[in-house]
Amino acid sequence: NVLLTVQIQNVMPHSVFLDVVSFDPAAGFISVDLNTTTEGCSVFGKDDIFSPHTNRQYLFHITPQIPVHQSGAGTRAVSVSVGKMDIVWRGRFGERGRIQTGQLKAVIPPPHELQVTLSESPGIVQLERQFPISITLSNNTNREMRLRYQLERQPGAGTLWCGITNETLQELGPQECLDITLNLLPILPGIQAIGNVIFIDMLNNQKRYPILKLGSVFVSHDSTKPHPHLINSPNTSITVQTNV
């Protein structure tokens, strides 16, 4: 996952109207525009008037259709083209301007020996109501693993693990995946982290794989809801700065 941050500054002495601020993803990637509310309105208001000498920041969430390291990238960090920005505006007399970037690049880190992914989780949950999550374990090595997990609570955390907190799982072969389901109880409102899990490989000198954070969940006791795509943090970020 990649979070693209685009900062735009109007350096002209007069306001402009922004017609288009969009991200065109490269082949094999999907982009989600995070600059609208859940009702589909722009976070910058109904009229996209961009005042002089002001700044705006736009966010786009980019995900590959096929994980990069499953598409032949191996086990090394790779640089990939994720897409390009397109910005179109009109001046006070209707004259048009446009900026289009080249292909933007993101550096994708190599996969871990044990890849732990939060595969299923509700974005919004109710306070003091238990909810399940699904975790996918991927063995990226050429050896077998037999994993045991330990669920721990960080002091001050807003969620509690429910059920069995220490269990040994079935063997996980090389380049294989395993899905497990765990349950949590939210005890504090707001955006709360999901994590503090330790996986121990019983076949390889009890090697430990601590996972401090898998993702986040919004705990609500009213109708307040954040943008659903801002709940889980991306792995990589890009920042682009542009003047109009």
Side-chain angles (χ1 to χ4, degrees), residues 1-9 18-44 48 50 55-89 98-112 114-124 133-138 140 177 179 191 193-195 211-218 225-244:
N1 293 325
V2 175
L3 180 65
L4 172 65
T5 306
V6 181
Q7 183 171 310
I8 303 175
Q9 181 181 19
L18 290 173
D19 277 332
V20 176
V21 179
S22 65
F23 179 76
D24 181 19
F29 288 87
I30 299 172
S31 172
V32 176
D33 189 336
L34 302 181
N35 307 293
T36 57
T37 64
T38 52
E39 290 76 26
C41 302
S42 172
V43 296
F44 300 107
D48 241 344
F50 194 11
N55 298 280
R56 284 189 183 182
Q57 184 168 285
Y58 289 80
L59 296 174
F60 299 90
H61 187 202
I62 307 165
T63 54
Q65 293 175 312
I66 300 176
V68 172
H69 290 285
Q70 291 183 15
S71 59
T75 58
R76 66 188 188 282
V78 294
S79 178
V80 296
S81 297
V82 295
K84 56 188 177 182
M85 284 297 305
D86 191 18
I87 304 169
V88 181
W89 70 90
R98 183 178 186 181
I99 293 176
Q100 190 175 61
T101 69
Q103 286 289 330
L104 303 175
K105 300 231 178 238
V107 177
I108 309 299
H112 300 288
L114 177 66
Q115 189 77 34
V116 182
T117 306
L118 183 63
S119 51
E120 289 187 24
S121 173
I124 302 171
I133 62 170
S134 293
I135 297 174
T136 300
L137 306 175
S138 303
N140 294 319
C177 297
D179 293 322
I191 296 180
I194 298 173
I211 309 298
L212 297 180
K213 184 177 180 181
L214 284 164
S216 301
V217 65
F218 184 76
K225 296 182 180 181
H227 197 295
H229 291 281
L230 289 177
I231 294 296
N232 290 317
S233 302
N235 305 114
T236 307
S237 64
I238 305 175
T239 300
V240 178
Q241 188 165 356
T242 304
N243 293 332
V244 299

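Heads up: numbering here begins at 1 and tracks the sequence.
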Exercise. For Trp89 and Ile99, run side-chain contact (heavy atoms from CB on, under 4.5 Å): C-alpha distance rounded to whole Å, both residues' side-chain angles, the deciding distance at 0.1 Å, then the answer.
Key: CA-CA 9 Å; Trp89 70 90; Ile99 293 176; 3.7 Å; yes
Practice problem: I would like to know whether Phe29 and Val2 meet side-chain contact (heavy atoms from CB on, under 4.5 Å); could you show each step before the answer? | Solution: CA-CA 10 Å; Phe29 288 87; Val2 175; 5.6 Å; no
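In terms of heavy atoms, Tyr58 sits closest to Leu18 at OH-CD1, 3.4 Å. Taking all atoms of both residues into account, the shortest heavy-atom contact from His112 to Gln115 is N-OE1, 3.4 Å. Nearest heavy atoms, Val82 versus Phe23: O-CZ, 3.3 Å. A pairwise comparison of heavy atoms in Ile194 and Ser121 identifies CD1-OG, 3.9 Å as the closest pair. Among all heavy-atom pairs drawn from Met85 and Ser22, the shortest one is CE-O, 3.3 Å. For Ile135 against Leu118, the heavy-atom pair with the smallest separation is CG1-CD1, 4.5 Å.
The shortest side-chain heavy-atom distance between Asp33 and Phe60 falls under the 4.5 Å cut-off. Residues Asp179 and Ser134 form no side-chain contact, since every pair of their non-hydrogen atoms from C-beta on lies 4.5 Å or further apart. Contact of the Leu114 side chain with the Ile211 side chain is not registered, since no non-hydrogen atoms from C-beta on lie closer than 4.5 Å. The shortest side-chain heavy-atom distance between Leu137 and Val116 falls under the 4.5 Å cut-off.
Under the side chain to side chain donor-acceptor pair (under 3.5 Å) criterion, Asp86 pairs with Arg98, sequence neighbours left out. Every residue meeting the side chain to side chain donor-acceptor pair (under 3.5 Å) condition with Ser119, not counting sequence neighbours, appears here in chain and number order: Thr136. Applying the side-chain contact (heavy atoms from CB on, under 4.5 Å) test to Gln103 and every residue at least two apart in sequence or in another chain returns Ala26, Ser81, Lys84. Remark: Glu39 engages Thr37 in a side chain to side chain donor-acceptor pair (under 3.5 Å) (not counting sequence neighbours).
Atoms CD1 and CD, from Ile8 and Gln57 in turn, are 10.5 Å apart once rounded to the nearest 0.5 Å.
For the pair Asn35 (side chain) and Leu59 (backbone), a donor-acceptor distance under 3.5 Å is present.
The environment of Glu120 atom CD is sparse: at most 12 non-hydrogen atoms of other residues, nucleotides or ligands sit within 6.0 angstrom.
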